[in-house]
Structures are given as structure tokens and as C-alpha cells.
Amino acid sequence: MNDRGLRVFVTLLAGLAVLYFGATGHRGSGEGSGVSGGVVLLALLASLLAWHLTRPGPAK
């Protein structure tokens, strides 16, 4: 992927997907609403992983 815009889009999509599924996942009856710090950390790690995996390869 040489297009930086697509790389940024994939990175943001990965982070938002983790936040979405973390916020809408199964919850116990006593928990409040919102996103925990662990989910935010996982979203950040997913975004960094997507950024790393979509970096351009060496030019040939």
C-alpha cells in the first residue's frame, strides 16, 4: 500500500472497530455504560499494529 490516505483510513478503522465492539460487547447487569481504559488501550494497539502492517515495502 503506497497510498498514505488508505493507510490512515485502515488505521482509524482498526481503532474504531475495537472501540465499537468493546463498547457494544456483552456486559454484566451491574456495569455502567462507557468504554474502559483497557478497551482504549486495545484500540490504540490495534491502530499501531495496522499502521505497522500497512507500511510500504522496499522500492524495487
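Count residues from 1 along the sequence. All values below were derived from every heavy atom in this structure, side-chain atoms included, with hydrogens, water molecules and symmetry-related copies excluded.
With values rounded to the nearest 0.5 angstrom, Leu44 atom CG is found 11.0 Å from Leu49 atom CG. To the nearest 0.5 Å, atom CG of residue Leu12 and atom CH2 of residue Trp51 are 9.0 Å apart. Residue Ser47 holds its OG atom at 7.5 Å from CG of Leu19, rounded to the nearest 0.5 Å.
Put simply, Leu13 and Leu6 are part of the same group of oily side chains (I, L, V, M, F, W, Y) that touch within less than 4.5 Å, one to the next.
The side-chain heavy atoms of Arg7 and Pro56, taken from C-beta on, include a pair separated by under 4.5 Å. Using a 4.5 Å cut-off on side-chain heavy atoms (C-beta onward), Leu16 and Tyr20 make no contact.
Gly15 and Ala43 make their closest contact through O-CB, 3.6 Å (heavy atoms, listed as atom of the first residue, atom of the second, distance). Of all non-hydrogen atoms in Ala46 and Val18, the two that sit nearest each other are CB-CG2, 3.7 Å.
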